[in-house]
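A note on names: the letters A, B, ... follow the listed sequences, proteins ahead of strands, and every chain is numbered from 1.
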Amino acid sequence: MNSTTLIQFFVLMLAGLVGFQSISRIPPLLHTPLMAATNAISGISLVASLVLAGSQDGPLATVLGTIAVTCAMANVVGGFLITDRMLAMFKRADGDKMKGAVGVAAK
Amino acid sequence: MRDTLIQLAYLLAAFLFLIALRALSKPDTARRGMQLAAFGMAVGIAATLLNARIISYEWILVGSLIGAVAGYPLGKWVPMTAMPQRIAFSHALGALAATVVGVGEYFNGLSAGELGSGHVIALGFEVLLGGLTVTGSLTAFAKLQEILPGRPLTFRGQNAFNLTILAIGVASLVWLVVDPTNVVVAGVMLAVSLCVGVLLVLPIGGADMPVVVSLLNSYAGLAAVATGFAIDNNILIIVGALDGLSGFILSIAMSKAMNRSFSNVLFGAFGSAAVAETGGGSGARGEMVPISAEDAGLRMAYAQKVVVVPGYGLAVAQAQHQARELADLIEKRGGDVRFAIHPVAGRMPGHMNVLLAEAGVPYDKLVDMDDINERFAETDVVLVVGANDVVNPAAKTNPNSPIYGMPILKAAEAKSVIALKRGRGAGFSGVENALFVDPKTSMLFGDAKQSLITLGLEVKNA
């Protein structure tokens with residue numbers, strides 16, 4: 001095993017530990033947005049597909065790369081949009097009350 | 001120099017992704033966090049375009065445009081009730097990207113004559129996990145969208161057959177490591193992984209989909225990790241690890257909430273088994289006591305503390321808005337209304353929260369199972385809407401019940417219960433519900449949406 005691979009295992013382990021810590025703290029309230037968010041973020045596989053699509057390693061590589069770019073980009077665009085749409089729906093009750101109070105004051 | 005710049009950009013992107021995940025622990029910060037993540041994504045993509053291996057940009061542009069055009073409706077137009085299949089479809093897209101990149105890199109390595117065994121192991125895992133996630137997710141999508149029947153599809157010797165196929169896949173991976181240039185074996189491995197995906201999900205019933213969708217999330221993440229190893233890219237390893245872990249944590253949480261072990265979900269074909277088990281006299285005894293909408297409305301209007309238990313039936317009836325309106329009316333009279341959310345109330349983790357938030361229920365009224373269970377004893381009225389197994393006390397009291405041991409909402413501890421139900425039949429899993437025949441429970445039969453509207457009118461007039 002060469003040193004690059006070894007470093008990669010370190011990266012994997014540390015990312016795993018930090019990820020576990022962060023994800024365990026996410027309440028069930030936000031589990032659906034979490035799944036949508038990880039979907040969006042996983043679109044970072046674009047870093048691989050962009051290179052494949054643009055490196056002109058023959059028609060097969062270009063076709064496969066273009067398919068990959070399409071899929072990953074759809075996830076990025078769709079994923080971030082839908083996560084934002086969902087998170088915008090989560091509102092606090094006192095926020096509403098404040099709105100109500102302003103409404104009363106205006107009258 | 002250019003490479004260093006690209007790597008620094010990836011470092012920034014990875015940092016922002018982690019910040020976004022931290023921010024997701026609170027609804028107040030979550031949205032801003034995800035905007036940072038989107039910025040990180042843009043930085044990562046822009047940096048990649050500087051990569052020296054990229055010579056031409058036409059096909060990148062074509063792919064990006066099609067992807068963006070396809071992604072927009074996936075983000076903006078898909079209704080919240082369709083979230084589970086939407087997410088399953090996204091898993092399929094992400095895994096397909098990983099799989100074709102794996103295949104492409106394999107052929108690149110093949111023609112350049114530089115396929116080392118380490119490289120092939122990573123590519124092999126990428127294609128194997130990616131392939132089964134693609135077809136598995138598409139099967140889950142078809143089931144959730146009801147293109148395929150939601151019930152478990154089984155045949156004799158299924159588990160043995162599946163394991164054999166999976167073994168062939170792993171064997172071809174090992175073969176490839178020894179003999180990296182054998183294209184036939186590589187093809188067999190891809191074909192096998194595509195078959196395994198379908199076979200893995202077919203026997204799993206509709207109610208178990210939350211586990212499966214989470215699990216596929218995890219596989220998609222692992223495929224991304226493998227891609228990272230294959231092309232020496234740290235950000236893919238990091239993101240893949242986050243994705244994989246998040247899927248894994250969620251599927252464990254879902255399994256626990258359904259009282260099932262992981263292997264039981266994957267190999268158990270629950271739906272058919274449970275119906276067979278409940279035929280005997282282990283079910284609940286007693287009569288359901290019906291109540292008129294007028295009486296039910298009065299009771300709710302004068303209650304101090306009300307807890308609504310929404311189940312999947314509420315979402316099926318599209319009655320989230322009516323539930324919120326009823327809650328508003330009770331609160332206007334001075335009552336306190338909370339929604340008790342069981343982890344598997346929807347078709348995917350957290351689904352019910354999103355549906356109710358969409359209907360305008362403030363998120364501090366949406367209470368997780370553990371927190372709300374302490375409050376039931378002092379609750380005047382529990383209103384069960386389209387939920388069944390998740391409030392069945394048999395899970396605590398009857399060791400013969402197939403749902404015995406499942407964590408439930410302790411609605412039975414409340415002072416009184418009103419259950420909205422379409423008819424007198426058993427629930428989704430075919431299990432009789434002891435709560436519905438409890439003397440303090442009154443049944444309001446009829447369509448959930450219509451019942452909620454009537455209840456609202458009664459509360460208003462009370």
Participant: Of the backbone (N, CA, C, O) and the side chain (C-beta and beyond), which part of B:Q35 lies under 4.5 Å from a heavy atom of chain A, both, or neither?
Facilitator: side chain
Participant: Walk me through whether B:L21 and A:L34 qualify under side chain to side chain contact (heavy atoms under 4.5 Å, CB included).
Facilitator: CA-CA 8 Å; B:L21 273 187; A:L34 166 66; 3.7 Å; yes
Participant: Do you know which of A:P28, A:G16, A:P27, A:G19 has the most heavy-atom pairs under 4.5 Å to chain B?
Facilitator: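 Counting heavy-atom pairs under 4.5 Å, the top option is A:P28.
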Participant: Go through the atoms of A:F90 and report whether side chain, backbone, both or neither lie under 4.5 Å from a heavy atom of chain B.
Facilitator: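 Both parts, backbone and side chain.
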Participant: Is any side-chain heavy atom of A:T32 closer than 4.5 Å to one of B:N353?
Facilitator: no
Participant: Need one label for B:S90: side chain, backbone, both or neither, based on atoms under 4.5 Å from any heavy atom in chain A.
Facilitator: both
Participant: Rounded at 0.5 Å granularity, tell me how far CG in B:N233 sits from CD in A:Q8.
Facilitator: 9.0 Å
Participant: Let me know if B:A38 has heavy atoms under 4.5 Å from chain A in its side chain, its backbone, both or neither.
Facilitator: both
Participant: Quick one, B:V101 and A:S45 - any side-chain contact, counting heavy atoms below 4.5 Å?
Facilitator: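 Sidechains of A:S45 and B:V101: no contact.
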Participant: For A:V76, which atoms come within 4.5 Å of any heavy atom of chain B: side chain, backbone, both, or neither?
Facilitator: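 For A:V76, the contact with chain B is made by the side chain alone.
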Participant: To the nearest 0.5 Å, tell me how far B:L245 CG sits from A:I23 CD1.
Facilitator: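 Interatomic distance, B:L245 CG to A:I23 CD1, rounded to 0.5 Å: 5.5 Å.
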Participant: Nearest 0.5 Å, please: how far is CZ in B:F107 from CG in A:L64?
Facilitator: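 Those atoms lie 8.5 Å apart.
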Participant: I need the residue from A:S49, A:A72, A:A48 with the largest number of non-hydrogen atom pairs under 4.5 Å to chain B.
Facilitator: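 Winner by heavy-atom pair count: A:A48.
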Participant: If you count heavy-atom pairs within less than 4.5 Å of chain A, which of B:A37, B:A224, B:A70 leads?
Facilitator: B:A37
Participant: Check each atom of B:Y57 against the heavy atoms of chain A and say whether the ones under 4.5 Å are side chain, backbone, both or neither.
Facilitator: neither
Participant: Which bit of B:I66 comes within less than 4.5 Å of chain A, counting heavy atoms only: side chain, backbone, both or neither?
Facilitator: both
Participant: Only pairs of heavy atoms separated by less than 4.5 Å count here; which of B:G44, B:P27, B:S64 has the most with chain A?
Facilitator: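 Most heavy-atom pairs within the cutoff with chain A belong to B:S64.
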Participant: Taking side chain as everything from C-beta outward and backbone as N, CA, C, O, which of these in B:M83 sits under 4.5 Å from a heavy atom of chain A? Side chain, backbone, both or neither.
Facilitator: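 When you check distances to chain A, only side chain atoms of B:M83 fall under 4.5 Å.
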Participant: If you count heavy-atom pairs under 4.5 Å between each of A:G54, A:S22, A:A15 and chain B, which one has the most?
Facilitator: A:G54
Participant: What part of B:V354 gets closer than 4.5 Å to chain A, counting heavy atoms only: side chain, backbone, both or neither?
Facilitator: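 Both backbone and side chain of B:V354 come within 4.5 Å of chain A.
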Participant: Under a 3.5 Å distance rule, please check whether A:R25 uses its side chain to pair with a backbone N or O of B:R22 as donor and acceptor.
Facilitator: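 No; zero donor-acceptor contacts below 3.5 Å.
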Participant: Taking atom CG of A:N75 and atom CZ of B:F89, what is their separation to the nearest 0.5 Å?
Facilitator: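 Those atoms lie 9.0 Å apart.
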Participant: How far does CZ of B:F17 sit from CD1 of A:I41, to the nearest 0.5 angstrom?
Facilitator: 5.5 Å
Participant: I need the minimum non-hydrogen distance between A:S42 and B:V239, along with the two atoms involved.
Facilitator: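 Looking at all heavy atoms of both residues, the closest pair is CA-CG1, 3.8 Å.
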Participant: More than 12 non-hydrogen atoms from neighbouring residues, nucleotides or ligands closer than 6.0 Å to CD on A:Q21, yes or no?
Facilitator: no
Participant: Could you look at B:V213 and say if it's the side chain, the backbone, both or neither that has a heavy atom under 4.5 Å from chain A?
Facilitator: both
Participant: Show the nearest heavy-atom pair for residues A:V77 and B:G71, with the distance to one decimal.
Facilitator: CG1-C, 4.0 Å
Participant: Does any backbone or side-chain atom of B:I249 lie under 4.5 Å from a heavy atom of chain A? Answer side chain, backbone, both or neither.
Facilitator: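 B:I249 touches chain A through side-chain heavy atoms alone.
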Participant: Which answer fits A:L60, side chain, backbone, both or neither, if we ask what part of it has an atom under 4.5 Å from a heavy atom of chain B?
Facilitator: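 Just its side chain gets close to chain B.
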Participant: Measure the spacing between CD1 of B:I55 and CD of A:Q56 and express it to the nearest 0.5 Å.
Facilitator: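 Here the interatomic distance stands at 5.0 Å.
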Participant: Taking side chain as C-beta onward, heavy atoms only, is B:N108 less than 4.5 Å from A:L52?
Facilitator: yes
Participant: Could you check if a side-chain atom of B:L74 sits within less than 4.5 angstrom of a side-chain atom of A:I82, using non-hydrogen atoms only?
Facilitator: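 They are not in contact (no side-chain heavy atoms under 4.5 Å apart), so the answer is no.
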Participant: If every non-hydrogen atom of B:M41 is compared with every non-hydrogen atom of A:G43, which pair is closest and at what distance?
Facilitator: CE-C, 4.0 Å
Participant: Closest approach of A:A37 and B:M34, non-hydrogen atoms and distance?
Facilitator: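 For A:A37 versus B:M34, the nearest heavy atoms are CB-CE, 3.5 Å.
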Participant: Would you mind telling me which of B:L242, B:L236, B:L24, B:I238 has the largest number of heavy-atom pairs within less than 4.5 Å of chain A?
Facilitator: B:L24
Participant: Of the listed residues (A:D84, A:T5, A:L46, A:V11), which shares the most heavy-atom pairs with chain B below a 4.5 Å separation?
Facilitator: A:D84
Participant: Please tell me if the side chains of B:H91 and A:M35 come closer than 4.5 Å, counting only heavy atoms from C-beta onward.
Facilitator: yes
Participant: Name the region of B:N217, side chain, backbone, both or neither, that has any atom closer than 4.5 Å to a heavy atom of chain A.
Facilitator: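 Contact with chain A is through the side chain of B:N217 alone.
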Participant: If I measure from the heavy atoms of chain A, does B:Y10 come under 4.5 Å with its side chain, its backbone, both, or neither?
Facilitator: side chain
Participant: Is A:A36 in contact with chain B via its backbone, its side chain, both, or neither, using a 4.5 Å heavy-atom distance?
Facilitator: both
Participant: Go through the steps to decide whether B:N51 and A:L50 satisfy the test side chain to side chain contact (heavy atoms under 4.5 Å, CB included), and finish with yes or no.
Facilitator: CA-CA 9 Å; B:N51 189 308; A:L50 287 174; over 6 Å; no
Participant: Looking only at heavy atoms and a cut-off of under 4.5 Å, which of A:I67, A:T70, A:I7, A:T83 has the most pairs with chain B?
Facilitator: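 That would be A:T70.
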Participant: Taking all heavy atoms of A:L29 and all of B:L366, pick out the closest pair and write down the distance.
Facilitator: CD1-CD1, 3.8 Å
Participant: Tell me the closest heavy-atom pair linking A:R92 and B:Y363, and the distance in Å.
Facilitator: NE-OH, 3.3 Å
Participant: Tell me, for B:D368 versus chain A, whether the close heavy atoms (under 4.5 Å) come from the side chain, the backbone, both or neither.
Facilitator: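 Contact with chain A is through the side chain of B:D368 alone.
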Participant: Could you tell me which portion of A:T4 (side chain, backbone, both or neither) has an atom closer than 4.5 angstrom to a non-hydrogen atom of chain B?
Facilitator: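 It is the side chain, since no backbone atom gets that close.
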Participant: Heavy-atom distances under 4.5 Å only: say whether B:D232 touches chain A with side chain, backbone, both or neither.
Facilitator: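 Both parts, backbone and side chain.
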Participant: What residue, out of B:V78, B:V361, B:L96, has the most heavy-atom pairs lying under 4.5 Å from chain A?
Facilitator: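 Winner by heavy-atom pair count: B:V78.
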Participant: Go through the atoms of B:S214 and report whether side chain, backbone, both or neither lie under 4.5 Å from a heavy atom of chain A.
Facilitator: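 Contact with chain A involves both backbone and side-chain atoms of B:S214.
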Participant: Quick one: are A:N39 and B:D243 in side-chain contact, heavy atoms under 4.5 Å?
Facilitator: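 Side chain of A:N39 against side chain of B:D243, heavy atoms only: no contact under 4.5 Å found.
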Participant: What part of A:T66 is in contact with chain B, defined as an atom under 4.5 angstrom from a non-hydrogen atom: side chain, backbone, both or neither?
Facilitator: both
